[in-house]
Amino acid sequence: MKIVKLLLFLAVVGAAYQYWTTQQPKTGPEAVVSANGFVALPPLTNADPRQVVVFAPENCPKEDAQRSDALAQSLVSRNIPSVRSHDVSFTSSDPDPAIGARINAVMNGEFPIVFVKSKGKANPTLDEVIAEYGASH
């Protein structure tokens, strides 16, 4: 009889824990992703928030650099204010470790990394960038 009570108690505790964890607000990357797949990030330092920033480091593979240049040129040809950058940094005084996790998740993705306002995405399509830009303006 004691074993049945113990099993019942453990089942109740397990169900309560499961319910509690599903009710907690999400703070990881999945919690702050736009419909176009862009993740909320701190603002870029010294960047014009009206411009789309297409980032790929100077020493990235040739294919990544070509993809970055082509995306930046496509945005300019569609009259979307954009800049191609080899260097980015973030401005944030929030100590929340979830912010660092989101930055790492985006920055460790495939190039180019694109920033629209305070959101970023690794290797988005042109359509995704245009949709995110349109949604933010």
Side-chain angles (χ1 to χ4, degrees):
M1 189 63 148
K2 288 183 180 184
I3 291 178
V4 173
K5 286 182 181 179
L6 178 62
L7 290 175
L8 184 59
F9 174 75
L10 291 175
V12 169
V13 169
Y17 176 77
Q18 181 67 25
Y19 176 77
W20 181 75
T21 58
T22 59
Q23 298 304 310
Q24 297 303 307
K26 296 189 182 332
T27 58
E30 71 279 359
V32 288
V33 178
S34 74
N36 302 303
F38 281 74
V39 177
L41 300 172
L44 291 176
T45 304
N46 300 323
D48 183 346
R50 297 169 295 188
Q51 285 187 320
V52 174
V53 176
V54 179
F55 166 74
E58 287 186 86
N59 60 350
C60 72
K62 182 178 179 181
E63 298 81 24
D64 293 344
Q66 290 173 337
R67 205 169 41 250
S68 302
D69 292 338
L71 180 60
Q73 290 172 353
S74 294
L75 292 169
V76 168
S77 71
R78 286 168 176 74
N79 295 321
I80 295 175
S82 61
V83 62
R84 171 78 161 79
S85 178
H86 299 289
D87 183 36
V88 294
S89 60
F90 299 91
T91 303
S92 178
S93 59
D94 190 339
D96 184 2
I99 293 172
R102 290 194 308 263
I103 291 171
N104 285 335
V106 172
M107 296 304 289
N108 287 326
E110 191 173 351
F111 296 114
I113 310 243
V114 177
F115 301 95
V116 178
K117 291 232 175 194
S118 290
K119 295 182 180 175
K121 183 174 182 180
N123 197 24
T125 65
L126 176 61
D127 291 338
E128 290 169 333
V129 176
I130 291 170
E132 187 67 29
Y133 178 77
S136 69
H137 286 84

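What you see is a predicted model; the values in this text were computed from it and never measured.
Rounding to the nearest 0.5 angstrom, the gap separating the CD1 atom in Ile113 from the OG atom in Ser85 is 11.5 Å. In this structure, the separation between CG on Leu41 and CD1 on Ile99 is 9.0 Å, given to the nearest 0.5 Å. Atom NZ of Lys62 is separated from atom CG of Asp64 by 12.5 Å, given to the nearest 0.5 angstrom. Taking CZ of Phe55 as the reference point, atom CE of Met107 lies at 4.0 Å (rounded to 0.5 Å). One finds the OG1 atom of Thr125 at 8.5 Å from the CD1 atom of Ile130 (value rounded to the nearest 0.5 Å). For the atom pair OH (Tyr133) and CZ (Arg50), the distance works out to 9.5 Å, reported to the nearest 0.5 Å.
The shortest side-chain heavy-atom distance between Leu75 and Leu126 falls under the 4.5 Å cut-off.
With salt bridges taken as basic N to acidic carboxylate O contacts below 4.0 Å, none links Lys121 and Glu132.
Here the shortest heavy-atom pairing between Ser82 and Ala72 reads OG-O, 3.7 Å. Ser68 approaches Arg84 most closely through the heavy-atom pair CB-NE, 3.4 Å. Between Val53 and Ala47, the shortest heavy-atom distance links the atoms CG2-CB, 4.4 Å. Here the closest non-hydrogen pair linking Ser34 and Lys119 is CB-NZ, 3.9 Å. Residue Phe38 comes nearest to Glu128 through the heavy atom pair CE1-O, 3.7 Å, listed as atom of the first residue, atom of the second, then distance. Looking at every heavy atom in both residues, Pro124 comes nearest to Leu71 through O-CD2, 4.4 Å.
No chain of hydrophobic side-chain contacts below 4.5 Å, direct or via other Ile, Leu, Val, Met, Phe, Trp or Tyr residues, connects Val116 to Val76.
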- Task: I would like to know whether Ser74 and Arg78 meet side chain to side chain contact (heavy atoms under 4.5 Å, CB included); could you show each step before the answer?
- Result: CA-CA 6 Å; Ser74 294; Arg78 286 168 176 74; 3.7 Å; yes
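The main-chain N or O of Pro112 is never found under 3.5 Å from a side-chain atom of Arg67 such that the two would form a donor-acceptor pair. The closest donor-acceptor contact from the side chain of His86 to the backbone of Ala56 lies under 3.5 Å.
Relative ring orientation between Phe90 and Phe115 is described as perpendicular, the plane-to-plane angle rising above 60° on a 0-90° scale split at 30° and 60°.
Around CG of Asn46, the count of heavy atoms belonging to other residues, nucleotides or ligands within 6.0 Å does not exceed 12.
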